[in-house]
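Each chain gets a letter, A, B and so on, in the order its sequence line appears, and its residues count up from 1. Quantities reported herein were computed from a predicted structural model and do not represent experimental measurements.
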Amino acid sequence: MEYNFREIEKKWQQRWKDTDAYKVSNNSSKPKYYVLDMFPYPSGAGLHVGHPLGYIASDIFARFKRLKGYNVLHPMGYDAFGLPAEQYAIEHGIHPAVSTGQNIQNFRKQLDNIGFCFDWSREVRTSDPSYYKWTQWIFLQLFKSFYNRQTNGAESIDALVASFEKEGNAVHPFPASADYEITSFTAEDWKGFSEKQQQDILMNYRIAYCGYGEVNWCEALGTVLANDEVVNGVSERGGYPVVKKKLRQWYLRITEYADRLLQGLEQIEFSDAMKEMQGNWIGKSSGAEIEFEIAGSEALLRVYTTRPDTIFGVDFMVIAPEHDLVERITTEAQKALVEEYITYVKSRSDRERQAEKKITGCSTGAYAVNPFDGKQIPIWISEYVLAGYGTGAIMAVPCGDERDFKFAQHFNIPITNIIGSYFNGEEASPTKDAILENSGFLNGTPMRKAIDIVCDKVEEMGIGKRKINYKMRDAAFSRQRYWGEPFPIKWIDGIAYPLDESALPLELPHVDSYKPGPDGEGPLANIESWTSANLETNTMPGYAGSSWYFLRYMDPHNNAAFCDRKVSDYWGQVDLYIGGTEHAVGHLLYSRMWTKCLYDLGFIGHDEPYKKLVNQGMIQGSSRFVYRIEFIKIGVNLSSSIYVSLSHYTRLLEVINSGFSIHQVLEEIKHLYPKFEYFQPLTESEIRVTPIHIDVNIVDGIELNIDKFLEKNPDSILIKEEDGKYICGAETEKMSKRYYNVVNPDEIVNKYGADTFRMYEMFLGPVEQSKPWDTKGIEGVHRFLRKLWRLFFDEIKGKVWTDAAATDAELKVLHKAIKKIEEDTERFSFNTAVSAFMVCVNELADLKCSKKAILQPLLVLLTPYAPHVAEELWAALGSEGSILNAAYPVFEPKYLIESSKEYPISVNGKLRTTINLPLDITKDQVEETVLANDVIKKWLEGNSPKKVIYVPGKMVNVVI
RNA sequence: GCCCAGAUGGCGGAACUGGUAGACGCGUCAGACUCAAAAUCUGGUAUUCGCAAGGAUGUGCAGGUUCGAUUCCUGUUCUGGGCACCA
């Protein structure tokens, strides 16, 4: 009997399906455990080998917990709204619902091949009206709520209205992220306001609110572009210019939750790195907001600084180019320059503005006045100051800040040194340890003390106040797109009204065209019936549905609520959440915020969604390149189909980079490929050798499969290496369709089986670690499973396992494995657990042990890792019931007790010999035994030892 | 540019709390079985000097702490992830 994995896996997958083996109940006497994967976006490229890494890990853990006696919730679904489906629709005219449905079917088939224990009866799809009904419903709750700073939580907006009617906004001043023309009003004011005014004010308090924000606008395409669709300042499609444009947008007031999101991190098990990333994203800082007078103007310049102590070192001010003041304060002389600079900045993304090393800026010609010494400070605009952070203006202290320093140097602005020898004139020093100099009344004061002194002073003078600032901004929550949840909002006379909850779901209407609507609006603006009903034409972003899906799994078919409170109280937090770090600051923050909102409003009983998070590494693709020679003539690419092998590429690159004439380069090519002919005019054009991604599946290692390549690219000329091979370049990149480096798990499952695939993905390395995909080595895992099989069945003899009693040596092997595998599984060290299985089976094979008493518990250990073969062999042993419900074996210490151990003995840290010592030996006895040893005596060379270091169970070191 | 992480043989990786660096697997070399191949089994395999016994070197790079550092500290290089409309 052979190990026929294809038959076995098919059989058990069918059996599990037929018996609903993985269906989970919301009622159980067992303790609960919730294992969740970040659900996938069902892309057209299908599942690639990177997806299952996390799924296999969570599957192993879910199965492990089940064997340990827990009621385990382990669901799966699809994050089905998103841009790619819409782009596909624009290009191919296929409705996103259709293509997404097909992709989901494909994903499901691929997932099923791997033998996961998902409870598919709980599947969710965010694009399904029965699901997004509740996304819309939750949005309405956020719209109808405000953040009460008195009680630190979300509350009904009705309570706010009641307070306004009684005492104006004295108790509830505008939130930090509000933007309204007045800052305070009385009860009388409120009652006198028009409906529109009242609603505008309320909008500034709502947790889900409407405001104005900048988007990437592409005039040529008439549409808003995602950052992803903008490459080097132009649209990815077509290469058209992209500029910033202000549009009406929905937002979530996540800034009000900044502190709670920060504090919440302390109670949850995220990695320190993850907590740090979230903390940095929130970016809490304390400092002061200070107002500077502007010479010859009524206007005041408000800056935020974390270092008020350096106020005498301010040599210039920088305000964001889009700052309101720019227009008011720019002098006549500077106007033209400033306008030119602003046009330049408009074409640049926030990222570029901060990343570029190039220093740019422009003086406004205006001067601010230092409130303490009256010094006139020039005001500049520069792209490195962003309008969205702080007040959009900074006071620049070049001796203390590197970027300010470089700016001052570049524009020849004189630098005041206030930190004495900490500043050497070569580079800035952000020290807080200096004693202040050149600082008026602060001279001689340590910087740390000066911070408070200046804060007190500005508050006393009424020109500023202490302020806590957050880097985090409110979350943009609308897209000018089709394929997303419609907002349940109606606009009447410029006022947003929520739809009645009974009208939900507000279904996404069919459109004839996915093209954008007028004035940057989304495709919904093209629908007559939609606009005439005054419905909001924006849709929600991709993260809307994923911000609460973990709750829907608990109660997926509930039509009366997003999740019954009793059910969410039973399952509570996700005990283990597995997913990539790429979601560190997006999804993970948003879902934490939604959870807190739902908690505040009393809909659920916990305010952090995830108890523990494990970040799986990314399985990267290993891309392959061929190198094409291209001739460029006045912007026209004269296409060639000559591809050079890697070493020639390196050589040509060298020639081109060292400034040789095109003629010489062409000669070089001719040298490689004598048949190469070129026309004289080419000598006036430019030549390039461009790496081009090719399908990894037609490359063997780094050697191109020339036949397959020529099949796809006929008429190509390949300039090969001397040995006749064409060698490709290689690079590690994200696995993606666009890089042609996607490896499909189906092929591997088909060749080696799901169990081998599962164990191999785990064996590759730690789950948390990123690594490029490589099938080298999968044979070893497959061999292990066949070896295990042979402990049960022989090709000739058939059944070889017996009922004989196990020996102590055999029990020792088993119990060692139980201990190691259980520990490793518990701490997510699945790769070492797989190794432990291999060691165990090798040892059993050496002992020729085929005894049921040993093999049966071993199979239970194996179930989470290789469930199909474990079930099959379990049944073969004539065991009762399904192995899925077996009890996890308990390791017995008595089989692992050792009386003595071989210790390494070192002299001064150098290993010299080993000695067998009893485990219960005392420190003194160790010293005595070791010093009496002949080898050690020799190494001591008559010296008396200074001390003997004995680490029980580990080693002994003699120091002389 | 900013934030986070990683770097160990020919390759993937192990070393859990500062204590024998290289478990386990791949590859490779040698051998057994075989007419032969596949499969399977046995042994070797960090580098270097040596016939050997044995020695020296060795965890990206440069330093530091320690009897002892892959592990801790400082600096640095490279690679990967994120940077607010990809998901």
Side-chain angles (χ1 to χ4, degrees), chain A residues 38 40-41 43 79 81-84 87 213 215-216 224-230 249 271-274 276-281 283 350-357 384 388 402-403 471-481 541-543 546 580-587 589 615 617-618 620 732-734 736 760 763-766 768-772 774-781 783-784 786-787 790 795 823-824 827 829 831-832 834-839 842 845 902-911 914 945-951 953-960:
Chain A
M38 288 185 185
Y41 173 77
S43 89
D79 188 12
F81 274 130
L83 195 53
Q87 277 167 339
V215 292
N216 300 314
V224 176
L225 295 178
N227 287 338
D228 231 37
E229 300 173 288
V230 183
Q249 301 285 348
S271 67
D272 289 345
M274 175 63 61
E276 217 173 316
M277 271 191 269
Q278 293 210 348
N280 290 339
W281 182 262
D350 281 6
R351 183 96 51 88
E352 285 173 318
R353 287 173 57 169
Q354 290 183 294
E356 211 92 6
K357 285 177 187 165
Y384 78 87
E402 196 53 36
R403 213 155 32 165
K471 209 185 292 169
M472 182 167 68
R473 307 198 289 268
D474 279 342
F477 194 67
S478 53
R479 303 290 183 261
Q480 291 67 49
R481 301 281 180 177
Y543 66 83
S546 62
T581 40
E582 64 269 24
H583 299 284
V585 290
H587 162 65
L589 270 179
N615 291 117
M618 190 174 274
Q620 290 142 331
T732 300
E733 291 175 303
K734 211 166 172 164
S736 161
Y760 179 61
F763 187 62
L764 265 178
E768 295 92 337
Q769 195 172 304
S770 289
K771 53 228 150 191
D774 192 354
T775 43
K776 214 168 37 180
I778 195 168
E779 292 279 355
V781 175
R783 243 170 252 167
F784 153 76
R786 283 211 308 265
K787 197 164 186 176
R790 285 201 304 274
E795 258 177 70
E823 278 174 8
D824 284 352
R827 70 185 173 105
S829 182
N831 55 329
T832 53
V834 174
S835 293
F837 277 116
M838 290 175 171
V839 171
N842 281 341
E902 188 96 332
Y903 275 77
I905 314 295
S906 315
V907 177
N908 275 355
K910 299 253 180 207
L911 178 69
T914 59
K946 240 184 237 156
K947 60 178 162 177
V948 176
I949 295 153
Y950 165 60
V951 183
K954 301 262 181 176
M955 51 70 71
V956 180
N957 186 20
V958 183
V959 184
I960 49 176

(request) Enter syn or anti for the glycosidic conformation of rG54(B), syn applying to angles within 90° of 0. (result) anti
(request) Could you tell me the separation between the NZ atom of K471(A) and the P atom of rC4(B), rounded to a whole number of Å? (result) 10 Å
(message) Using whole Å, what does the distance between atom P of nucleotide rC11(B) and atom NZ of K771(A) come to?
(response) 18 Å
(request) Round to a whole Å and report the spacing from CG of N280(A) to P of rG81(B). (result) 20 Å
(request) Tell me what I949(A) touches on the nucleic acid: a base, only sugar-phosphate, or nothing, going by heavy atoms under 4.0 Å. (result) base
(message) In this structure, how many angstroms lie between the C1' atom of rA7(B) and the CD atom of Q769(A), rounded?
(response) 10 Å
(message) Once you apply a heavy-atom cut-off of 4.0 Å, does K787(A) come out as touching a base, just sugar-phosphate, or nothing?
(response) sugar-phosphate
(request) Classify the side chain of E276(A) and the base of rC3(B) as holding, or not holding, a donor-acceptor pair under 3.5 Å. (result) no
(message) Under a plain distance cut-off of 3.5 Å, with no hydrogens placed, do K787(A) and N842(A) share a side-chain donor-acceptor pair?
(response) yes
(request) Report which part of the nucleic acid A584(A) touches: base, sugar-phosphate, or nothing (heavy-atom distance under 4.0 Å, all strands). (result) nothing
(request) Determine the contact category for G542(A): base if any of its heavy atoms lies under 4.0 Å from a base atom, sugar-phosphate if only primed atoms, P, OP1 or OP2 are that close, otherwise nothing. (result) nothing
(message) Heavy atoms only, 4.0 Å cut-off, all strands: where does Q480(A) land among base, sugar-phosphate and nothing?
(response) base
(request) Look at K734(A) and rG82(B) and indicate whether a side-chain polar atom (N or O) is within less than 4.0 Å of OP1 or OP2. (result) yes
(message) In this structure, how many angstroms lie between the P atom of rG12(B) and the CD1 atom of I778(A), rounded?
(response) 17 Å
(message) With a cut-off of less than 4.0 Å, is there a side-chain N or O of R783(A) near OP1 or OP2 of rA39(B)?
(response) no
(request) Could you check whether N842(A) gets within reach of a base, just the sugar-phosphate, or nothing at all, counting any heavy atom under 4.0 Å? (result) sugar-phosphate
(message) Taking any heavy-atom pair under 4.0 Å as a contact, classify P40(A): base, sugar-phosphate, or nothing.
(response) nothing
(request) Pick base, sugar-phosphate or nothing for V781(A), based on heavy-atom distances below 4.0 Å to the nucleic acid. (result) nothing
(message) Please report the distance, rounded to the nearest Å, between CG in D228(A) and P in rG81(B).
(response) 13 Å
(message) Just to be sure I understand the rule, does V907(A) reach a base, reach only the sugar-phosphate, or reach nothing, if contact means heavy atoms closer than 4.0 Å?
(response) nothing
(request) Just call it for V951(A): base, sugar-phosphate, or nothing, with non-hydrogen atoms closer than 4.0 Å on any strand. (result) base
(message) Within the 4.0 Å heavy-atom criterion, would you say E402(A) contacts the bases, only the backbone, or no part of the nucleic acid?
(response) nothing
(message) Taking A226(A)'s backbone N and O only, do any of them form a donor-acceptor pair with E229(A)'s side chain (distance below 3.5 Å, no angle check)?
(response) yes
(message) Between R786(A) and rU40(B), is there a contact of a side-chain N or O with OP1 or OP2 at under 4.0 Å?
(response) yes
(request) Using both distances under 3.5 Å as the test, list the Watson-Crick or G-U wobble partner of rU20(B), or none. (result) none
(message) My understanding is that a pair needs two contacts under 3.5 Å, Watson-Crick or G-U wobble. By that rule, which nucleotide pairs with rA39(B)?
(response) none
(request) Figure out the CZ/P separation between R481(A) and rC85(B), and round it to whole Å. (result) 12 Å
(message) Using a heavy-atom cut-off of 4.0 Å across all strands, would you classify M955(A) as base, sugar-phosphate, or nothing?
(response) base
(message) Taking only side-chain N and O atoms of R790(A), does any of them lie within less than 4.0 angstrom of OP1 or OP2 on rA39(B)?
(response) no
(message) Just the rounded figure in Å: distance from P of rG68(B) to NZ of K946(A).
(response) 10 Å
(request) May I ask which nucleotide in the shown strands pairs with rG25(B), Watson-Crick or G-U wobble, both distances under 3.5 Å? (result) rC11(B)
(message) Both distances below 3.5 Å, Watson-Crick or wobble geometry, any strand: find the nucleotide opposite rU79(B).
(response) rA5(B)
(message) Does the structure show a Watson-Crick or G-U wobble partner for rU65(B), both distances under 3.5 Å? Name it, or say none.
(response) none
(message) Treating Y903(A) as the side-chain partner and G953(A) as the backbone partner, does any N or O pair qualify as donor plus acceptor under 3.5 Å?
(response) yes
(message) Under a 3.5 Å cut-off for both contacts, is rA53(B) paired Watson-Crick or G-U wobble with anything, and if yes, with which nucleotide?
(response) none
(message) Checking side-chain polar atoms at under 3.5 Å, does D824(A) have a donor or acceptor matched by the opposite partner on T832(A)?
(response) yes
(message) Over all strands shown, is M472(A) touching base, sugar-phosphate only, or nothing at heavy-atom distances under 4.0 angstrom?
(response) base
